[in-house]
S.K.: 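If you scroll down you'll find the structure; I have some questions about it.
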There are 2 protein chains.
Amino acid sequence: MDVYAKNCPSRQVLDRIGDTWSVLILLALTGGPRRYSQLQATIADISPKMLTQTLRGLERDGLVTRTVHAVVPPRVDYALTALGVSLHDLLESMRVWAEGHIDDVESARAAYDRRS
Amino acid sequence: MDVYAKNCPSRQVLDRIGDTWSVLILLALTGGPRRYSQLQATIADISPKMLTQTLRGLERDGLVTRTVHAVVPPRVDYALTALGVSLHDLLESMRVWAEGHIDDVESARAAYDRRS
DNA sequence: CAGCATCCATTCGGATACTG
DNA sequence: CAGTATCCGAATGGATGCTG
């Protein structure tokens, strides 16, 4: 089990975690199912193409479920699976870290750029 | 503070966390400084270009320090800053999650592919 | 509403060759 | 040893238009 090896499956999992759209979608699924259009509204600048593509990937990995309601107009709900929830908690920590340390990062960048 | 907004700084931080090479380098810096060549050896399939480029980015963000020793042959050490350490702990959790749930993900993928 | 298909600009990153 | 510079193919992902 070696994340540093390209062909190790754990790397694939890490790559998924590392995908910005996947992370944002999983975060957006906090607190219950969301519709396709709701996700699109929440993640303002995602294109339909990437939204669909990423959702399919997450579904394939067993992180979200896709439920089609046979109504007109169509309605599709996405929700976290148990596996998705367990990852979600981790991503929440990441979001918290990101929001909590922007200032540090930005001042570090400013200092670095001033130097060079 | 909204990670879903493209121009929010917190998104930039999230993007950095989402960069595979950055994650692997930060993980590889566990337990003290490492030399350039050591990093290259640990992360088997990273090119010199990406290693240097990513290290520069991490340095700029205040996550790692770069120390040049004035000796022949040259020796450069990279180490985590305090900020880097705080992020590192989070990434370790991610690595643990990844290694602990590969089986779930892989069986989910197999099931999904069998269905379609 | 929730997508899929196609085209295409941009970016990413590998390979290679060279340097202080 | 620790990079830098350049080239270039591959992949990413946005825009657009169409469909059940």
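Treat the numbers as computed from the prediction; the structure is a model and nothing was measured. So that the names make sense, note that chain A is the first sequence line, chain B the second, and so on, each numbered from 1.
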S.K.: With respect to the phosphate group of D/dA2, does any side-chain polar atom (N or O) of B/Arg66 fall under 4.0 Å of OP1 or OP2?
M.R.: no
S.K.: Would you please name every residue forming a salt bridge (Lys or Arg N to Asp or Glu O under 4.0 Å) with A/Arg109, sequence neighbours left out?
M.R.: B/Asp61
S.K.: Within the sub-3.5 Å range, which N or O atoms of nucleotides 15-20 of chain D have a protein N or O partner, and how far apart are they?
M.R.:
none

S.K.: Going by the rule ring pair (Phe, Tyr, Trp, His ring centres under 6.0 Å), which residues pair with A/Trp21 if we only count those two or more places apart in sequence or in a different chain?
M.R.: none
S.K.: At under 4.0 Å, does any side-chain N or O of B/Arg75 touch on OP1 or OP2 of D/dA2?
M.R.: no
S.K.: To the nearest angstrom, how far is B/Leu51 atom CG from D/dT4 atom P?
M.R.: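 Taking atom P of D/dT4 as the reference, CG of B/Leu51 is at 10 Å.
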S.K.: Calculate the interatomic distance between A/Ile43 atom CD1 and C/dA2 atom C1'; express it in whole Å.
M.R.: 15 Å
S.K.: For B/His69 and D/dG3, what is the distance between atoms NE2 and P respectively, to the nearest whole Å?
M.R.: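 Distance, rounded to whole Å: 11 Å.
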S.K.: Taking only side-chain nitrogens and oxygens of B/Arg56, does any of them come within less than 4.0 Å of OP1 or OP2 of D/dT4?
M.R.: yes
S.K.: Between B/Ile25 and B/Tyr78, is any pair of side-chain heavy atoms under 4.5 Å apart?
M.R.: no
S.K.: Using the salt bridge (Lys or Arg N to Asp or Glu O under 4.0 Å) rule, collect all pairs that involve residues 22-34 of chain B, keeping only residues at least two apart or in two chains.
M.R.: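 The answer is none; no pair qualifies.
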S.K.: So, B/Ser10 side chain and B/Met1 main chain: donor-acceptor pair closer than 3.5 Å or not?
M.R.: no
S.K.: Is a side-chain donor or acceptor of B/Ser22 paired with a backbone partner of B/Gly18 at a separation under 3.5 angstrom?
M.R.: no
S.K.: Strictly below 4.0 Å: does B/Ser37 bring a side-chain N or O up to OP1 or OP2 of D/dA2?
M.R.: yes
S.K.: D/dA2 C1' sits how many Å from B/Tyr78 OH, rounded?
M.R.: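 Rounded to whole Å, this separation is 8 Å.
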S.K.: Do any side-chain nitrogens or oxygens of B/Arg35 fall under 4.0 Å of OP1 or OP2 in D/dA2?
M.R.: yes
S.K.: What residue pairs, at least two apart or across chains, pass salt bridge (Lys or Arg N to Asp or Glu O under 4.0 Å) with a residue in residues 62-75 of chain B?
M.R.: B/Arg75-B/Asp77
S.K.: Whole angstrom is fine here: how far is it from CH2 in A/Trp21 over to P in D/dG13?
M.R.: 8 Å
S.K.: Any side-chain N or O of A/Tyr36 under 4.0 Å from OP1/OP2 of C/dC4?
M.R.: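 No, because none of the side-chain N or O atoms of A/Tyr36 sits under 4.0 Å from OP1 or OP2 of C/dC4.
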S.K.: Measure from the side chain of A/Met50, starting at C-beta and using heavy atoms only, and say which of D/dG3, D/dG13, C/dG13 lies closest.
M.R.: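 From the listed options, D/dG13 comes nearest.
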S.K.: Among residues 2-19 of chain B, which ones have heavy-atom contacts with DNA chain C below 4.0 Å?
M.R.: none
S.K.: Figure out the CG/P separation between B/Leu39 and D/dA2, and round it to whole Å.
M.R.: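 Computing the B/Leu39:CG to D/dA2:P distance gives 9 Å.
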S.K.: Please report the distance, rounded to the nearest Å, between CD1 in A/Ile46 and C1' in C/dG3.
M.R.: 13 Å
S.K.: Is a side-chain N or O of A/Ser107 found less than 3.5 angstrom from the main chain of A/Asp104, in a donor-acceptor match?
M.R.: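 The answer is yes, because a donor-acceptor pair under 3.5 Å joins these two groups.
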S.K.: Between A/Tyr4 and B/Ala41, is there a donor-acceptor pair closer than 3.5 Å when you use the side chain of the first and the backbone of the second?
M.R.: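 Pair absent, no side-chain N/O of A/Tyr4 close to backbone of B/Ala41.
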